[in-house]
Amino acid sequence: MVSNNFYTCVIAVALTFCACEPGNRVKNISALKSSESEVVSSKMKEIEPNKEEIVDNNPFERMREDYVTSYSNTIETDTVANVSGKEVMITLKHYCLFDSAVVLPNKYIWGSDSLQQFITHNYVTDIVVTNLLDTLVKQTASKQDFQLSEELKKYGVLKKPHFRRVDSLTNELILHYSISIPITDIGVGKELRIKLKE
């Protein structure tokens with residue numbers, strides 16, 4: 001004789017199995033497949049290279065873009081220094097001339113065989129030194145103020161002005177610059193000495 005518990009278990013299993021209709025199971029499987037295909041398609045889109053990634057693969061192209069963007073950046077610094085026991089204010093304003101006067105030939109255009117030339121601009125620095133009573137210096141510095149190789153005279157630009165010190169023995173303001181060919185490692189550091197008004 002079979003116990004009542006056995007029949008109860010069989011009926012419970014049968015009801016559970018019947019509650020899961022075959023149509024619902026097919027829908028769920030197809031929804032799962034659809035969801036998987038969306039993920040695969042999404043992953044494929046992520047792999048496709050975009051313009052940003054192509055530029056990133058050529059660091060020189062990115063550097064050229066950044067360099068061109070920097071044309072509009074004006075660097076202004078104010079420094080207080082001591083000259084013969086008196087305070088002076090040194091103001092530097094470094095900016096691009098937008099003169100299209102520096103034309104780099106292909107041999108200086110790193111990372112590109114297709115560009116025949118890269119046209120860029122010269123930079124200058126307006127220098128003003130004042131004390132409480134007087135203007136001691138007011139002039140504009142350019143690469144022509146330096147002794148340079150023919151290569152740097154032709155293709156170099158004046159960058160990174162930096163106040164070094166005031167030489168109290170000679171009464172001169174000393175500035176430091178980098179003069180280099182844009183987007184290359186060809187360049188030199190140079191000092192500019194400017195006589196202060198007595």
Could you tell me the separation between the SG atom of Cys96 and the CG atom of Leu158, rounded to the nearest 0.5 Å? 11.5 Å

Hey, what else clusters with Val103 if you join Ile, Leu, Val, Met, Phe, Trp, Tyr whenever side-chain heavy atoms sit under 4.5 Å? Ile119

Contacts of type salt bridge (charged side-chain N to carboxylate O under 4.0 Å, His left out), residue Lys160, not counting sequence neighbours: none

Under the side-chain contact (heavy atoms from CB on, under 4.5 Å) test, which residues partner Lys195, sequence neighbours left out? Asn171, Glu172, Glu198

Which pairs pass salt bridge (Lys or Arg N to Asp or Glu O under 4.0 Å) with one or both residues in residues 120-149, sequence neighbours excluded? Asp134-Lys197

Give me each pair satisfying salt bridge (Lys or Arg N to Asp or Glu O under 4.0 Å) with a member in residues 68-91, each pair once, sequence neighbours excluded. none

Find out if a path of hydrophobic residues (ILVMFWY) with successive side-chain heavy-atom gaps under 4.5 Å connects Val137 to Tyr177. yes

Tell me every residue that passes side chain to side chain donor-acceptor pair (under 3.5 Å) with Glu151, counting only those two or more places apart in sequence or in another chain. Tyr108

Would you mind listing every side-chain hydrogen bond (donor to acceptor under 3.5 Å, both in side chains) that reaches into residues 181-192, with sequence neighbours excluded? Arg164-Glu191

Can you see which heavy atom on Leu104 is nearest to which on Ile109, and at what distance? O-CD1, 3.9 Å

Common cluster, Ile194/Ile75, ILVMFWY with side-chain heavy-atom separation under 4.5 Å: no

Distance (rounded to the nearest 0.5 Å) between Ser70 OG and Lys159 NZ: 4.5 Å

Could you give me the CA-CA distance, side-chain angles and deciding distance for Thr125 and Thr140, then say whether side chain to side chain contact (heavy atoms under 4.5 Å, CB included) is met? CA-CA 5 Å; Thr125 308; Thr140 299; over 6 Å; no

Is there a path from Met89 to Ile127 through hydrophobic residues (I, L, V, M, F, W, Y) whose side chains come within less than 4.5 Å of each other? no

Identify, with sequence neighbours excluded, every residue that meets side-chain contact (heavy atoms from CB on, under 4.5 Å) alongside Phe163. Thr79, Ala81, Ile90, Val166, Leu173, Leu175

Using every non-hydrogen atom in the two residues, find where Tyr67 and Val157 come nearest and quote the distance to one decimal. OH-CG2, 3.5 Å

Quick check for you: to the nearest 0.5 Å, what is the distance between Arg64 atom CZ and Thr120 atom OG1? 12.0 Å

Where is the tightest heavy-atom contact between Val102 and Gly156, given as atom of each residue plus distance? CG2-O, 4.4 Å

Could you walk me through whether Leu136 and Asn131 pass the side chain to side chain contact (heavy atoms under 4.5 Å, CB included) check? CA-CA 7 Å; Leu136 306 177; Asn131 61 21; 3.9 Å; yes

Kindly indicate whether the side chain of Tyr155, heavy atoms from C-beta on, has any atom under 4.5 Å from the side chain of Pro105. yes

Before you tell me yes or no, could you show the steps for Leu152 and Phe146 under side chain to side chain contact (heavy atoms under 4.5 Å, CB included), namely the whole-Å CA-CA distance, both residues' side-chain angles and the distance that decides it to 0.1 Å? CA-CA 10 Å; Leu152 288 176; Phe146 299 87; over 6 Å; no

List the residues meeting side chain to side chain donor-acceptor pair (under 3.5 Å) with Ser180, not counting sequence neighbours, and say none if there are none. none

Would you say Ile174 and Val129 are hydrophobically clustered, going by side-chain heavy atoms of ILVMFWY under 4.5 Å? no

Linking directly or through intermediates, with side-chain heavy atoms under 4.5 Å: list the remaining ILVMFWY members grouped with Val124, chain and number order. Tyr95, Leu97

Restricting to side chain to side chain donor-acceptor pair (under 3.5 Å), what partner residues turn up for Gln144, sequence neighbours left out? Ser142

Give the cluster check for Val128 versus Leu196: same hydrophobic cluster or not, with ILVMFWY residues linked at side-chain heavy-atom distances below 4.5 Å. no

Over 60° means perpendicular and under 30° means parallel, so tell me whether His94 and Tyr123 are parallel, tilted or perpendicular. parallel

With sequence neighbours left out, which residue pairs that include part of residues 92-105 fulfil the salt bridge (Lys or Arg N to Asp or Glu O under 4.0 Å) condition? none

